*Asks:* 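Before we start, here is the structure in question, set down as structure tokens.
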Amino acid sequence: MQKINVVGTSGSGKSTFSQKLAKTLNYPYLEMDAIYWQPNWQESSDEEFMAALNSELAQPNWVLDGNYNRTISVKWAEVDTVIWIDYSFPRTVFQAVKRAIKRSLSGTELWAGTGNIETFQKCFFSRDSIILWTLSTFKSNRKRYQAMFADPQYQHINFIRLTSPKKAQGFINQHIQQQQQTA
């Protein structure tokens with residue numbers, strides 16, 4: 001595993017898992033949201049986004065956290081492993097709500113230099129609500145990733161589906177043990 005993309009519905013735990021995996025493997029952690037979002041919640045144009053993504057992916061190894069389906073031709077051009085964090089609907093919604101509350105209360109900037117923070121209003125009472133996004137995309141994301149995992153055009157990719165936090169931690173632990181054995 002040299003170039004890894006971790007995917008899953010918002011709130012599934014992609015970022016937490018990706019950060020742990022990147023640290024375990026001693027690879028750069030790349031967050032697609034940080035590449036995409038500009039100050040004041042402005043979106044990057046596709047040209048800006050693809051150029052920035054290409055630049056980040058030029059490294060010899062990485063753990064990339066994020067979906068952004070329109071970027072598949074770029075991010076999967078050299079990817080060797082895609083890890084799908086596919087927890088149950090109740091678990092994913094619970095995690096999304098918990099994260100939204102935590103971020104709203106802390107007022108922490110999400111991506112350095114952007115000033116972007118999540119507010120209680122934005123998380124729970126807005127059309128741009130991350131909770132609403134999680135609720136509305138869970139089923140379609142699951143169908144899309146199931147189809148992609150079976151698609152012959154992606155047969156060169158090692159697909160891994162983790163369906164519980166226990167399995168995700170087991171995957172991390174396995175790689176920690178491998179690192180220790182080679183040290």
Side-chain angles (χ1 to χ4, degrees), residues 3-46 48-59 61-71 74-75 82-138 141 145 162 164-169 171-173 175-176:
K3 298 181 178 187
I4 305 159
N5 182 201
V6 179
V7 299
T9 300
S10 291
S12 64
K14 295 184 301 295
S15 299
T16 301
F17 177 83
S18 296
Q19 290 167 7
K20 286 180 183 178
L21 183 61
K23 183 177 180 183
T24 298
L25 299 173
N26 197 28
Y27 288 179
Y29 166 69
L30 308 174
E31 184 180 11
M32 291 190 76
D33 282 338
I35 298 168
Y36 179 74
W37 288 105
Q38 297 182 13
N40 301 314
W41 291 103
Q42 295 300 306
E43 300 175 13
S44 294
S45 69
D46 279 352
E48 293 168 321
F49 187 32
M50 297 302 179
L53 184 57
N54 268 314
S55 176
E56 292 287 341
L57 298 180
Q59 303 174 68
N61 48 44
W62 35 259
V63 175
L64 177 67
D65 159 18
N67 300 312
Y68 291 87
N69 292 321
R70 68 185 179 277
T71 66
V74 173
K75 69 180 186 170
V82 173
I83 301 172
W84 176 20
I85 305 298
D86 183 31
Y87 299 164
S88 70
F89 180 73
R91 171 117 198 158
T92 301
V93 172
F94 171 76
Q95 289 179 173
V97 170
K98 182 178 161 186
R99 180 184 74 182
I101 291 169
K102 184 178 175 181
R103 286 181 173 178
S104 296
L105 293 174
S106 74
T108 304
E109 181 180 42
L110 299 179
W111 308 290
T114 63
N116 297 339
I117 62 169
E118 288 186 352
T119 64
F120 195 79
Q121 177 72 27
K122 185 175 179 69
C123 288
F124 293 96
F125 302 107
S126 163
R127 282 189 214 179
D128 298 327
S129 164
I130 193 67
I131 307 302
L132 184 58
W133 180 256
T134 299
L135 292 169
S136 64
T137 61
F138 182 87
N141 280 344
Y145 284 118
L162 300 173
S164 72
K166 185 176 181 179
K167 289 180 180 179
Q169 189 58 53
F171 186 87
I172 298 286
N173 292 344
H175 286 84
I176 289 172

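If you're wondering where the values come from, they're calculated on a predicted model, not measured in any experiment.
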*Asks:* Could you tell me which residues satisfy side chain to side chain donor-acceptor pair (under 3.5 Å) with N141, sequence neighbours excluded, listed by chain and number?
*Replies:* T9, R144
*Asks:* In terms of side-chain heavy atoms, does Q95 have a donor or acceptor partner in R91 at a distance below 3.5 Å?
*Replies:* yes
*Asks:* Would you say CG of N26 has more than 12 non-hydrogen atoms from neighbouring residues, nucleotides or ligands within 6.0 angstrom?
*Replies:*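 Count not over threshold, so no.
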*Asks:* I'd like to know if the side chain of D65 and the backbone of V7 have a donor-acceptor N/O pair within less than 3.5 Å.
*Replies:*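 A pair under 3.5 Å: no.
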*Asks:* Going by side chain to side chain donor-acceptor pair (under 3.5 Å), name the residues that satisfy it together with Q169, two or more places apart in sequence or in a different chain.
*Replies:*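 Only K20, N173 meet the side chain to side chain donor-acceptor pair (under 3.5 Å) criterion with Q169.
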*Asks:* Would you mind reporting whether V97 and T134 have side-chain heavy atoms less than 4.5 Å apart?
*Replies:*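 They are not in contact (no side-chain heavy atoms under 4.5 Å apart), so the answer is no.
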*Asks:* Judged by atom type as modelled, is there a donor-acceptor pair below 3.5 Å linking the side chain of Q121 to the main-chain atoms of S126?
*Replies:*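 Checked: no pair found.
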*Asks:* Tell me, do L110 and D33 make a side-chain contact under 4.5 Å, heavy atoms counted?
*Replies:*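 With C-beta onward as the side chain, the pair stays apart.
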*Asks:* Please work out which of the three classes, parallel, tilted or perpendicular, describes the rings of Y145 and W84, given edges at 30° and 60°.
*Replies:*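 Plane angle between 30° and 60°, so tilted.
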*Asks:* For the pair E109 (side chain) and G115 (backbone), establish whether a donor and an acceptor sit closer than 3.5 Å, ignoring hydrogens and angles.
*Replies:* yes
*Asks:* Has R70 got more than 12 heavy atoms of other residues, nucleotides or ligands less than 6.0 Å from its CZ?
*Replies:* yes
*Asks:* Between M32 and F49, is a side chain to side chain contact (heavy atoms under 4.5 Å, CB included) present by the stated rule, with each step listed?
*Replies:* CA-CA 9 Å; M32 291 190 76; F49 187 32; 3.8 Å; yes
*Asks:* Do K75 side-chain atoms and G66 backbone N/O form a donor-acceptor pair below 3.5 Å?
*Replies:*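 Judged by distance alone, yes, a pair lies under 3.5 Å.
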*Asks:* Excluding sequence neighbours, so at least two apart, what forms side chain to side chain donor-acceptor pair (under 3.5 Å) with E43?
*Replies:*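 Partners of E43 under the side chain to side chain donor-acceptor pair (under 3.5 Å) test: Y36.
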*Asks:* Any donor-acceptor pair under 3.5 Å linking the side chain of K3 with the backbone of L64?
*Replies:* no
*Asks:* After noting the C-alpha distance and the side-chain angles of E31 and W111, does the key distance pass the side-chain hydrogen bond (donor to acceptor under 3.5 Å, both in side chains) rule?
*Replies:* CA-CA 9 Å; E31 184 180 11; W111 308 290; 3.2 Å; yes
*Asks:* Report yes or no: does S45 contribute a side-chain atom to a donor-acceptor pair with the main-chain N or O of E48 at less than 3.5 Å?
*Replies:*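 Here the side-chain-to-backbone pair exists.
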*Asks:* Check whether any side-chain heavy atom of L21 lies under 4.5 Å from a side-chain heavy atom of I4, and answer yes or no.
*Replies:*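 SC-SC contact between L21 and I4 confirmed.
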*Asks:* Do other residues, nucleotides or ligands put more than 12 heavy atoms under 6.0 Å from the CZ atom of F89?
*Replies:*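 Yes, enclosed.
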*Asks:* Looking at every non-hydrogen atom in both residues, tell me the closest pair between A168 and F17 and how far apart they are.
*Replies:*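 Here A168 and F17 meet closest at O-CE1, 3.6 Å.
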*Asks:* Report yes if the side chains of S12 and D86 come closer than 4.5 Å at any heavy-atom pair, otherwise no.
*Replies:* no
*Asks:* Mark yes or no for whether S55, through its side chain, and A51, through its backbone, hold a donor-acceptor pair below 3.5 Å.
*Replies:*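 Judged by distance alone, no pair lies under 3.5 Å.
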*Asks:* So do the side chains of L53 and Y68 get within less than 4.5 Å of each other, counting heavy atoms only?
*Replies:* no
*Asks:* Heavy atoms, side chains only, cut-off 4.5 Å: are T108 and R103 in contact?
*Replies:* no
*Asks:* Mind telling me whether W41 and W37 have parallel, tilted or perpendicular rings, with 30° and 60° as the class edges?
*Replies:*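 Geometry flag for W41 against W37: perpendicular rings.
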